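Remember, it's a predicted structure, so these values are computed and weren't measured experimentally.
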Amino acid sequence: PVLLWKTRSSPTMKSEEGKKPKTARAALCTCVACLIGSTTLLPDAPAQGTDALTDALVRKGVLTEQEANDIKAELEKQNAVPGNTLNFTWKDGINIQSADKETFSGKIGGRIHLDAGFFSEDDDLEASVGDTPSSVEFRRARIALEGEIKLSLPTLYKIEVDFGGGEVAFKDVYLGLTDLPFVGTFQAGHFKEPISLDILTSSRFIPFMERAAPIEAFAPERNTGVMFHNSAFGERMTWAVGAFTDTGDTGDSTLDSNYRVSGRVTGLPYWHAESKGRKLVHVGVSGSLIEPSNGEARFRTRPEAHLAPRFVDTGVFDADQAYLGAVEVAAVMGSFSVQAEYFQNWVCRPGGDDASFNGYYVLGSYFLTGEHRPYKTSSAAFDRVRPKRNFSISEGGPGAWELLARYSRVNLTDGGIDGGEMDDITGGVNWYLNPNMRVMWNYVFSNVDRGGIERQAHIFQTRLAVDF
């Protein structure tokens, strides 16, 4: 369904023979016109109501016949202006568009991720990180508005706020200029740095409940900064580069916080256009130069469960500079897909041995019901899964069923720093009831080696996810 919202402005009043009316009469006519205009803000407001109101004012001597006719004519003229109409439609969210389909576009969206986790730790791990109780949380509860305004200078915008955990946090909040020569898009605000395929794939579309352990350990997520990004060769190649300062989820910080210069380049050496991406090969590299403002650094990560504590942690140590390099690869072959990334982090330390940390993951996905992982070429990241038949009791639709497996490893021990090593094996099942709702089940076996002692944990977690 399409809802038409027609906005109206006050008519400009002119007297007979083009003469200016008296000040009092002009003010009166303007007020009457505004009053009548406000009564017709609702969609498809009847014209009869406008006529009846102006006729009653004429009978009472408030308006002359000519003034009433002028008001009616001006309101009809305002109603006929296409630019004053907004169309509201539904497709994976509330979509807003101007009548000319060019001047303005917007989308109101959101997501709710409700998680529950159950933990079993051995005695050594419990002594190291403490007992982890079974818990429940709203991992994410977000509302967002995004779109584009195309006037003299095309401008994109987005504001997304997260209320997960009972706190308010900035997510994507930015403005951008599009269609710029050579550089494509310039973006400024609070958003994800151009690092990692898994990071740049939205949490609505990643296959597991949480990203792999090396992602949290090394890859920055959202910070405040500026970025240029563009695509080439029919979106078979993308690039992005930006400068950022650490701000976390507040979007605010002093300008002497950590500085980062980050960039990413991706390519599609194989893309099966006839199947719209059911077969593809993706490759990419990314990197970041980090300048710690306070001369300190720290790396740590959880066992791919947000309700768990961080099992490996370098603690705070002295650092002059840090360099991050990452390589990413993915392939989709119909219902089966694989994805892998490797991260290497080098840290320059004053008066001590430099440290080198690393991590990687490999994951596989298979759809029992014939779907595939869609890929968005403009952002070089994975997109929304759409079941071939939505779940329906009355029509017998099964939804989409996906089986998952992942192995990840992170090593935070080097250069006299014993942050520990962690290996995670994760299995998962996803049930997509429709494009906007899925139920997720993950099992994680985590093995931690720190200080020469191995520790283990078993984690079962589930999520109900709704997004639009």
Side-chain angles (χ1 to χ4, degrees), residues 90-93 95 107 109-115 139-140 196-212 235-236 266 268-284 304 328-341 361-407 426-443 461-468:
W90 173 271
K91 183 181 179 182
D92 300 326
N95 294 273
K107 180 178 181 180
R111 74 193 73 172
I112 298 174
H113 292 173
L114 176 59
D115 291 5
R139 177 70 170 90
R140 299 176 180 91
S196 168
L197 172 61
D198 217 25
I199 282 285
L200 296 174
T201 297
S202 170
S203 63
R204 297 172 295 167
F205 312 138
I206 57 175
F208 289 90
M209 289 176 59
E210 298 296 333
R211 296 178 173 93
E235 297 185 341
R236 295 284 293 268
T266 71
L268 281 174
Y270 177 67
W271 169 262
H272 193 257
E274 289 78 7
S275 64
K276 298 182 179 180
R278 280 186 64 89
K279 298 178 182 179
L280 66 87
V281 175
H282 161 103
V283 294
E304 296 164 6
E328 59 193 60
V329 62
V332 177
M333 296 156 281
S335 296
F336 177 71
S337 65
V338 293
Q339 177 180 323
E341 295 190 78
Y361 72 88
V362 179
L363 71 83
S365 160
Y366 181 74
F367 281 91
L368 298 173
T369 44
E371 292 80 6
H372 71 287
R373 293 187 70 195
Y375 180 92
K376 190 173 182 179
T377 55
S378 61
S379 59
F382 285 102
D383 206 356
R384 182 185 303 276
V385 172
R386 298 184 180 278
K388 290 187 172 182
R389 296 174 60 197
N390 290 342
F391 172 71
S392 172
I393 297 177
S394 60
E395 299 179 5
W401 287 86
E402 180 183 24
L403 300 181
L404 301 162
R406 179 173 66 192
Y407 171 74
T426 304
V429 177
N430 288 332
W431 179 28
Y432 299 82
L433 286 77
N434 54 57
N436 304 98
M437 180 181 293
R438 65 172 164 167
V439 183
M440 310 173 73
W441 297 274
N442 284 183
Y443 164 76
Q461 51 189 348
T462 183
R463 168 179 293 166
L464 173 61
V466 178
D467 76 89
F468 60 93

**Request:** Output the distance between atom CG (Asp383) and atom CZ (Phe205), rounded to the nearest 0.5 Å.
**Result:** 5.0 Å

**Asked** For the side chain of Glu235 and the backbone of Thr377, is there at least one donor-acceptor N/O pair under 3.5 Å apart?
**Response** no

**Request:** Could you please spell out the steps behind the salt bridge (charged side-chain N to carboxylate O under 4.0 Å, His left out) verdict for Arg406 and Glu210?
**Result:** CA-CA 11 Å; Arg406 179 173 66 192; Glu210 298 296 333; over 6 Å; no

**Over 12 foreign heavy atoms within 6.0 Å of NZ, Lys376** = no

**Message:** Less than 4.5 Å apart, side chain to side chain, heavy atoms only: is that true for Leu403 and Val429?
**Reply:** yes

**Request:** Check whether any side-chain heavy atom of Arg140 sits under 4.5 Å from a side-chain heavy atom of Arg463, and report yes or no.
**Result:** yes

**Fill in**
Smallest heavy-atom separation, Pro269 atom then Val283 atom, equals CD-CG2, 4.0 Å

**Item:** For the student: nearest non-hydrogen atoms of Phe382 and Thr201, plus distance
**Value:** N-OG1, 3.3 Å

**Item:** Distance in Å, Met440 CE paired with Thr462 OG1, rounded so as to fall on 0.5 Å steps
**Value:** 9.0 Å

**Prompt:** Taking C-beta and beyond as the side chain, do Val362 and Val338 meet within less than 4.5 Å on heavy atoms?
**Reply:** no

**Asked** Looking at CG of Leu464 and CZ of Arg438, how far apart are the two atoms once the value is rounded to the nearest 0.5 Å?
**Response** 11.0 Å

**Request:** Output, in order, the C-alpha distance, side-chain angles, deciding distance and verdict of side chain to side chain contact (heavy atoms under 4.5 Å, CB included) for Trp271 and Arg236.
**Result:** CA-CA 8 Å; Trp271 169 262; Arg236 295 284 293 268; 3.9 Å; yes

**Message:** Rounded at 0.5 Å granularity, tell me how far CD in Glu328 sits from CG in Leu200.
**Reply:** 7.5 Å

**Intermediate values then yes/no, side chain to side chain contact (heavy atoms under 4.5 Å, CB included), Tyr375 and Val332** = CA-CA 9 Å; Tyr375 180 92; Val332 177; 5.8 Å; no

**Message:** Below 30° counts as parallel, above 60° as perpendicular, anything between as tilted: where do the rings of Trp441 and Trp401 land?
**Reply:** parallel

**Prompt:** What residues, two or more places apart in sequence or in another chain, satisfy side chain to side chain contact (heavy atoms under 4.5 Å, CB included) together with Ser365?
**Reply:** Ser337, Phe367, Arg373, Glu402, Leu404

**Complete:** Correct closest heavy-atom pair for Asn390 and Pro435 would be OD1-CD, 3.5 Å

**Item:** Arg204 side, atom CZ; Asp92 side, atom CG - distance, nearest 0.5 Å
**Value:** 8.5 Å

**Message:** Between Trp431 and Pro398 (side chain of the first, backbone of the second, donor and acceptor by atom type, cut-off under 3.5 Å), is there such a pair?
**Reply:** yes

**Asked** Do Asp198 and Tyr361 have side chains that get closer than 4.5 Å, going by heavy atoms?
**Response** yes

**Item:** side chain to side chain contact (heavy atoms under 4.5 Å, CB included) between Arg384 and Asn436, intermediate numbers included
**Value:** CA-CA 9 Å; Arg384 182 185 303 276; Asn436 304 98; 3.5 Å; yes

**Item:** Least distance between heavy atoms, Asn442 atom then Gly428 atom
**Value:** ND2-CA, 3.7 Å

**Message:** On a heavy-atom basis, which atom in Arg211 and which in Ser202 lie closest, and how many Å separate them?
**Reply:** NH2-C, 3.9 Å

**Item:** Distance, nearest 0.5 Å, that separates CG of Asn95 from NZ of Lys107
**Value:** 5.5 Å

**Pair Gln339-Val329, side chain to side chain contact (heavy atoms under 4.5 Å, CB included): steps then yes or no** = CA-CA 6 Å; Gln339 177 180 323; Val329 62; over 6 Å; no

**Donor-acceptor pair between Arg139 and His113 side chains, under 3.5 angstrom** = no

**Considering all heavy atoms, the nearest Glu371-Gly399 contact** = OE2-O, 4.2 Å

